Amino acid sequence: MVPRAAAPVVRLVTLLALLVWGLAAPAHAAPPAAAPPNPFGQNTYVFTPDMPQAQIQATVDRIATQQKDNQFGSERYALLFAPGTYGSAANPLNFQVGYYTEVAGLGRNPGDVTINGSVEVYNRCVTDANGSTSCYALDNFWRSLSNMKIALAGKSGCQASANFWATSQAASLRRVQVTGGNLSLMDYCSAGPQYASGGFIADSDLSAGTTINGSQQQFLVRDSKLGGWSNGVWNQVFSGVENAPAQSFGQPGGQPYTTLPRTELSRERPYLYLDASGQYQVLVPTARHQSSGTTWANGPTAGTSIPLSDFLIANPATSARDIDKALKAGKNLLLAPGVYDVSSPIHVKRADTVVLGLGFPTLRPTGDSPVLHTASVPGIKVAGLIVDAGPAVTPTLVQLGDCGKCAKGSDGDDPTTLNDVYLRIGGASAGRTQDALTVNASDVVLDNIWSWRADHGTGVGWSTNTADRGLVVNGDRVHALGLFVEHYQKDNVVWNGEDGRVVFFQNEFPYDPPSQAAWSASPTIKGYAAFLVSPGVQRFTGWGMGAYSFFNQGVDIHATRAFQVPVTPGVRMHDLLTVFLNGSGGIDSVVNGVGAPVTQANSGQASQVVSYP
């Protein structure tokens, strides 16, 4: 990986959303009645198949142009497609997806919404003050595509070869089907492939073509179906994926593939859909044990539908007090696009409450309290949020549960679930916290989490965006499926609970320690751990876990080890790696002193440990 370049913040006037509605005709049901007025407010667009395609094209292109370089802006968008078909082979709908943009179908199943064309992300090409242009995908964060079928059509030249999704962290593909060609996770058409640092795919059918991994340094594909997968860089993990590549991590000449035939415990993200009467529902998928393949291969995704009338639809003007009042009255919560200044914690106390973000709503504390605090009750679902640290130091930004390792209120068949939740310290503005995410509940699924102490943007520096840890797990039976935790100033992850399971972990140590003395756990341990399983833990399993170093202060900084775990039969680590990216210093061992060091001498080459102990 090369260091991520800071992008200029583009300040643009927020577009007023068009209230666009009509009839929708999903293939599996009778056409619904006319949809109700748009209940989500500005910056949410709902398209219908009977709209003029030129109007749809103009709208999505305008938003893509605005958001293409808007890495740390405040604009947020949701582009929702009612059931039906958009574009054709002769007149395709092709568009790009920029920052803070959610693109989603409103069908019950992905095939209910078909786009003949493409929905894509390419490399960002940025020209510096000297006139030099660089193209890369390393900063392509905060966007998503879900719940639709893409039938490739209408492109020419190099870009006709695939639907491109050249993204890094916080850019999930869920419930997506691609036909008529390949899916490429890198952009090899815009000034060469360059690196990408992603990523996450779940509940998707990509069997009609090959998924081109290309320059993606690491990637997790979960509970999906592939037609083929090309190459690997450092860490590629497949869990419950039909037609996945065979396990080959650590084999001489083999690819860095970790392949698990089934996912032990998962729950897909809740999603909006329009029912046959044209009314909005939120489908909450059922948790699955020992799963593989998509939830919709043999019929509609199993789950519970909740009418939109059971939700408070909040916007940035809605007070935390009004949100709490609605939650206490038994409502669920849907957060419309925007940036929310939260003066007091949002308390979620009722079992099975849904907190669903639409269009990357971003919550930011104005004081020293957490943004979100849940009780120790089963089945809470939180999805689709960005949580920014504020200027005051908070003990944590998000806290799940309040009783540590106790089993109070937990249910293995109805786990509390976080899907696509992204925590950010600095970058958009100066922010501080002690721990970004704290799990004090048992029976929890963490599904695609990026906890990021910013290495570029606004309010970035060793003594500016301060944060000790990205994740602390105190509960038992916590499953993490796609865990990205980067740049924290002490142990990036601390795991205190029993029977934990991590499938895919990606870490970068902080870039900016000013000295070894400022970044050492003790006089005998240089640096801190990327992932620490605490002494006394008896049972933990990890698969496909990598940590990288790029110390950029010109100082000889070292980490004694990337992973620290107790040596006991119940703690098993599989397919671990470290990589020296650039800069100075390095990582002296992979896990507990085992594994070759990585330094400038072997830059870019992974040091692997297949099994420990």
Side-chain angles (χ1 to χ4, degrees), residues 200 202 220 222-223 239 263-270 284-291 303 345-357 370-385 387 396-423 435-451 469-485 492-505 531-534 537 539-543 545:
F200 182 87
L220 171 64
R222 179 181 63 68
D223 293 292
S239 180
T263 303
E264 187 169 295
L265 175 64
S266 65
R267 192 203 296 268
E268 301 301 333
R269 172 176 167 165
V284 179
T286 302
R288 298 204 294 172
H289 298 266
Q290 300 298 325
S291 59
I346 297 171
H347 293 285
V348 181
K349 298 181 179 181
R350 179 177 59 85
D352 295 312
T353 298
V354 176
V355 178
L356 179 60
V371 166
L372 181 67
H373 182 191
T374 74
S376 293
V377 296
I380 292 171
K381 298 93 181 170
V382 180
L385 304 180
V387 180
T396 191
L397 293 173
V398 174
Q399 179 175 325
L400 302 182
D402 49 21
C403 65
K405 292 170 68 66
C406 72
K408 172 187 174 184
S410 66
D411 184 345
D413 292 323
D414 186 20
T416 286
T417 308
L418 266 62
N419 307 99
D420 301 341
V421 173
Y422 311 127
L423 304 109
D435 301 327
L437 172 60
T438 303
V439 179
N440 283 341
S442 296
D443 295 301
V444 173
V445 175
L446 305 175
D447 185 55
N448 189 31
I449 305 298
W450 187 30
S451 184
R469 291 163 288 270
L471 170 65
V472 177
V473 174
N474 297 316
D476 295 337
R477 300 175 301 283
V478 175
H479 292 235
L481 309 169
L483 186 57
F484 306 78
V485 183
N492 277 231
V493 175
V494 176
W495 204 286
N496 299 317
E498 295 288 355
D499 299 302
R501 185 177 180 88
V502 172
V503 176
F504 181 93
F505 170 73
F531 198 104
L532 170 67
V533 180
S534 295
V537 172
R539 297 174 304 280
F540 176 89
T541 306
W543 292 89
M545 303 176 70

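The shown structure was predicted, so the numbers you read here are calculated from the model rather than taken from an experiment. Residue numbers run from 1 in the order of the sequence given.
- You'll find the side chain of Asp414 reaches within 4.5 Å of the side chain of Arg267, heavy atoms only.
- Residues Thr438 and Asn474 approach most closely at CG2-ND2, 4.1 Å, considering heavy atoms.
- A salt bridge does not link Asp499 to Arg477: none of the charged side-chain nitrogens sits closer than 4.0 Å to a carboxylate oxygen.
- The backbone N or O of Asp476 lies less than 3.5 Å from no partner atom in the side chain of Glu498, so there is not a single donor-acceptor pair.
- When every heavy atom of Gly497 is checked against every heavy atom of Val537, the shortest pair comes out as O-CG1, 3.7 Å.
- For Thr416 against Pro378, the heavy-atom pair with the smallest separation is OG1-C, 4.0 Å.
- The shortest non-hydrogen separation linking Pro270 to Ala383 is CD-CB, 4.1 Å.
- A salt bridge is absent between Glu268 and Lys381; no separation between the charged side-chain nitrogens and carboxylate oxygens falls under 4.0 Å.
- In this structure, Ser451 and Leu471 have side chains that are not in contact, with every pair of non-hydrogen atoms separated by 4.5 Å or more.
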> What's the verdict on side-chain contact (heavy atoms from CB on, under 4.5 Å) for Asp402 and His373, showing C-alpha distance, side-chain angles and the deciding distance?
Replying inline: CA-CA 8 Å; Asp402 49 21; His373 182 191; 3.9 Å; yes
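- The distance from the CG atom of Asp447 to the CG atom of Asn419 is 4.5 Å, given to the nearest 0.5 Å.
- Inter-residue side-chain proximity for Arg222 and Val503 is flagged as unmet; no heavy-atom pair is nearer than 4.5 Å.
- In terms of modelled atom types and a separation under 3.5 Å, the side chain of Ser376 and the main chain of Ala441 share no donor-acceptor contact.
- Annotation: the span from Leu418 atom CG to Leu385 atom CG amounts to 8.0 Å, rounded to 0.5 Å.
- Expressed to the nearest 0.5 Å, how far OG of Ser239 lies from CH2 of Trp543 amounts to 10.0 Å.
- Annotation for Thr374 and Leu400: closest pair OG1-CA, 3.2 Å, computed over non-hydrogen atoms.
- Asn440 is listed as a side-chain neighbour of Gln399, based on a closest heavy-atom distance under 4.5 Å.
- The minimum heavy-atom distance between Thr417 and Pro415, with the atom names listed, is OG1-O, 3.2 Å.
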> Between Arg469 and Val485, does a side-chain contact (heavy atoms from CB on, under 4.5 Å) hold up when you go through it step by step?
Replying inline: CA-CA 9 Å; Arg469 291 163 288 270; Val485 183; over 6 Å; no
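- Counting heavy atoms from C-beta on, the side chains of Val398 and Leu372 come closer than 4.5 Å.
- Side-chain contact between Ile449 and Val421 is present, with at least one heavy-atom pair separated by less than 4.5 Å.
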> Should Arg269 and Leu356 be marked as a side-chain contact (heavy atoms from CB on, under 4.5 Å) after you check the CA-CA gap, both sets of side-chain angles, and the distance that decides it?
Replying inline: CA-CA 9 Å; Arg269 172 176 167 165; Leu356 179 60; 4.2 Å; yes
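- You'll find the side chain of Asp435 stays beyond 4.5 Å of the side chain of Val494, heavy atoms only.
- Counting only heavy atoms from C-beta outward, the side chains of Asp223 and Arg288 approach each other to under 4.5 Å.
- Note: Phe531 and Phe505 have perpendicular aromatic rings, judged against thresholds of 30 and 60 degrees for the angle between ring planes.
- Taking CG of Leu481 as the start and CG of Leu446 as the end, the distance is 8.0 Å to the nearest 0.5 Å.
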